[in-house]
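Note sheet for the following structure.
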Amino acid sequence: MKIQAVKGTRDFYPEDMARRNFIVDGWKRASIRNGFLEFDGPIFEYLAMYQQKSGDEIASQLFAFEDRGERMLAIRPEITPTLARMVNQRINALPRPIKWFSVPRLCRAERPQKGRLREFFQWNVDIIGVDDCLADAEVIFCAVDYLIEAGLGSDDIVVRISSRRLLASLLEYFGIEESQLDKVYAVLDKKAKVPPEAFEKMLEEAITDADKRVKVMNLMAAETLVELEQFAGNDENAKKAVDELKRLFEYLNVMGISEFCTFDIGIVRGLAYYTGIVFEIYDKSQQLRAICGGGRYDNLLADFGGPKITATGMGMGDCVLGIVLEEKGIFSKAAVNGVIEYFVAYAEDALRNDALNIIAKIRRAGKIADFSYKGGGLGKQLKQASAAGAKQCVIIGQEYSQKKLILKDMIKGEQVEIVESEFLGQLKNAD
RNA sequence: GUGGGAGUAGCUCAGUUGGCAGAGCAUUAGAUUGUGGUUCUAAGGGUCGCGGGUUCAAAUCCCGUCUCUCACCCCA
């Protein structure tokens, strides 16, 4: 029986690996220039760690197994619990704010579909220990900074921003009980995803009181922060939440990315643990799930047995992003092959050892060099050099009896004769 | 867990009324014994997803099954 790749996994052939590296390298560059430090954890953890935050149902959506010591373990479906565990462990020794990032490989046992696989990479950026929404602004900036570097503009993507705290205070102000909030959130999260009639019907089921429901419907139609202030009335909590959003947008404006950002009260995020600012980044032209999502989760460390220290962060997976970059033709910029700087060709088999000797010297000088195993005619070797995308060829022929090489520029097609020692000297001085 | 779509060469796919298994790209070799990219020629590469049925004859029709994929549910 022929064995095939497991459902929802990917094989990375060299050209796929080039794309993956294009994404991952960009993530790391953006993180580092935004002042984040890289961390990583184990690829599996105790199953209980994931159940603690999200409940038992989550167990069916992750790859769990028992080891030989009868420990219940799971392959990590996210890295945030690991982050919480690691930070809690050294909370008194770590200088704050803690600005860390990671690019973990994650697995989730969900049914695969467009933009979602069972094994993927996810860029995570978190700031722990900053109450002010400046931290949220910086997380958003970091994500946008990356997307711009990757080649996307404000015509391509949009950051939709809202606030859990705002929703919570307004809903409470409208008279909806706190115990009902999660249920209502789940419905509000669907607003942009289902037809208006369906949305209305779902809302009817979640909020039986007609007065309250009308208020919520009106609220969900709000498009600007100014409108929200009217809803807030004299409610202190709601006013504070609006004020926070205003400050956030001001920060984003100062940082020069306001054209990417918009307020959208329909952004709720599925999970219960978000406590404040929430945001998602979408591709404007396509019907894809979010490229990126994040927000504030002030109970993170406390949920994992640590002190109550605030946190905010985001995650960006490689699947949806990969589709977007592919559609925009951005991957063509990614170098698929390692670019050969010098391809060494030899005119006669007798010169092969001389060629090998020079190749070794080029490589030890830090340059990328390759050659033909088969040898054969010079034409064949140059053909192979072209196929490999070589920038230059070093040709070793009769001239080598006077220690001279031919250096051929494969792009311009020009060639010059050069003394071997001079050529090798140039290698070391270059760059 | 529910529902649609698709499985033919490494890839993208064609395959007529049931009648010898095909093309392009890719790969390899040659045209070319000191000069590449273009071009030309040739070769290799198939359990037509798998199993059963109908038939003189099945990639093609029927039944079953597996896999992949898309949309739901969910989404950290």
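Protein chains get the first letters and strands the later ones, always in sequence-line order, with residue 1 at the start of each. Note that the coordinates shown come from a computational prediction; the quantities given were computed from them, not determined experimentally.
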Can we say A:R108 and A:E119 salt-bridge, meaning some charged N sits less than 4.0 Å from an Asp/Glu carboxylate O?
no
Could you tell me the separation between the CD atom of A:E15 and the P atom of B:A26, rounded to a whole number of Å?
14 Å
In whole angstroms, how far is the C1' atom of B:A76 from the CZ atom of A:F63?
15 Å
If you define the side chain from C-beta out and look only at heavy atoms, does anything of A:L407 sit under 4.5 Å from A:Q392?
yes
Atom pair distance, as rounded to whole Å: CD in A:Q384 and P in B:G37:
13 Å
Which heavy-atom pair separates A:M314 from A:D126 by the least distance, and what is that distance?
N-OD1, 4.4 Å
Look at A:R108 and B:C75 and indicate whether a side-chain polar atom (N or O) is within less than 4.0 Å of OP1 or OP2.
no
When both distances are under 3.5 Å in a Watson-Crick or G-U wobble arrangement, the nucleotide paired with B:A9 is none
Identify the residue among A:F36, A:F39, A:W123 that makes a ring pair (Phe, Tyr, Trp, His ring centres under 6.0 Å) with A:W100.
A:F39
Quick one: which of B:C74, B:C73, B:U39 gets closest to the side chain of A:E110?
B:C74
Taking B:U28 as the reference, what is the distance to B:A9 when you measure between their C1' atoms (whole Å, please)?
15 Å
Might you list the N or O atoms of the protein lying below 3.5 Å from N or O atoms in nucleotides 33-35 of chain B, with each pair's distance?
from: B:G34; atom 1: O6; to: A:Q398; atom 2: N; distance (Å): 2.4
from: B:G34; atom 1: O6; to: A:Q398; atom 2: OE1; distance (Å): 3.1
from: B:G34; atom 1: N1; to: A:E399; atom 2: OE1; distance (Å): 3.1
from: B:G34; atom 1: N1; to: A:E399; atom 2: OE2; distance (Å): 2.8
from: B:G34; atom 1: N2; to: A:E399; atom 2: OE2; distance (Å): 2.9
from: B:U35; atom 1: O2; to: A:K408; atom 2: NZ; distance (Å): 3.0
from: B:U35; atom 1: O2; to: A:Q415; atom 2: OE1; distance (Å): 3.2
from: B:U35; atom 1: N3; to: A:Q415; atom 2: OE1; distance (Å): 2.8
from: B:U35; atom 1: N3; to: A:Q415; atom 2: NE2; distance (Å): 3.4
from: B:U35; atom 1: O4; to: A:Q415; atom 2: NE2; distance (Å): 3.0

Classify the side chain of A:S386 versus the base of B:G36 as yes if they form a donor-acceptor pair under 3.5 Å and no if they do not.
yes
Start at the 5' end of RNA chain B and walk down; is the nucleotide closest to A:K7 or to A:R289 reached first?
A:K7
Establish, yes or no, whether a centroid distance under 6.0 Å links the rings of A:Y373 and A:F371.
yes
Which nucleotide, in any strand shown, forms a Watson-Crick or G-U wobble pair with B:G19, with both distances under 3.5 Å?
B:C56
Which nucleotide in the list B:C72, B:U69, B:C75 gets nearest to the side chain of A:Q113?
B:C72
Separation of atom CE in A:M314 from atom C1' in B:C75, rounded to whole Å:
18 Å
Salt bridge or not between A:R20 and A:E15? Use side-chain N to carboxylate O under 4.0 Å.
no
Expressed in whole Å, how much space separates the P atoms belonging to B:G7 and B:G45?
25 Å
A:D182 atom CG is separated from B:C75 atom C1', nearest whole Å, by 15 Å
What's the OH-C1' distance between A:Y50 and B:C75, to the nearest Å?
16 Å
When the P atoms of B:A14 and B:G49 are considered, how many whole Å apart are they?
13 Å
Span that lies between the C1' atom of B:G46 and that of B:C11, in whole angstrom
15 Å
Can you say whether a donor on the side chain of A:R116 sits under 3.5 Å from an acceptor on the base of B:C74, or the other way round?
yes
Separation of B:C73 atom P from A:Q61 atom CD, nearest Å, is 13 Å
Taking only the C1' atom of each, what is the distance from B:A58 to B:C20 in whole angstrom?
14 Å
Salt bridge check, A:E414 against A:K408: does any charged N sit closer than 4.0 Å to a carboxylate O?
no
Complementary nucleotide for B:U27 - Watson-Crick or wobble, under 3.5 Å
B:A43
Separation between the C1' atoms of B:G44 and B:G10, rounded to whole Å
12 Å
Taking only the C1' atom of each, what is the distance from B:C61 to B:U67 in whole angstrom?
23 Å
State whether A:K380 places a side-chain N or O below 4.0 Å from either non-bridging phosphate oxygen (OP1 or OP2) of B:G36.
no
Would A:D318 and A:R10 pass as an ion pair if we require N to O under 4.0 Å?
yes
Pairwise 5' ranking along RNA chain B for A:L117 and A:K190, keeping only the more 5' one
A:L117
Under a 3.5 Å cut-off for both contacts, is B:U38 paired Watson-Crick or G-U wobble with anything, and if yes, with which nucleotide?
none
When rounded to the nearest Å, what value does the distance between P atoms of B:U8 and B:A59 take?
15 Å
With sugar-phosphate meaning primed atoms plus P, OP1 and OP2, does A:G293 contact a base, only sugar-phosphate, or nothing at under 4.0 Å between heavy atoms?
nothing
Does A:F423 have its ring centroid less than 6.0 Å away from the ring centroid of A:Y342?
yes
B:A29 P sits how many Å from A:K383 NZ, rounded?
10 Å
Below 3.5 Å, does any donor atom in the side chain of A:R111 face an acceptor in the base of B:C74, or the other way round?
no
Within 45° of the six-membered ring axis of A:Y185 and under 6.0 Å from that ring's centre, is NZ or CZ of A:R164 located there?
yes
Which base, if any, makes a Watson-Crick or G-U wobble pair with B:U69, both distances under 3.5 Å?
B:G4
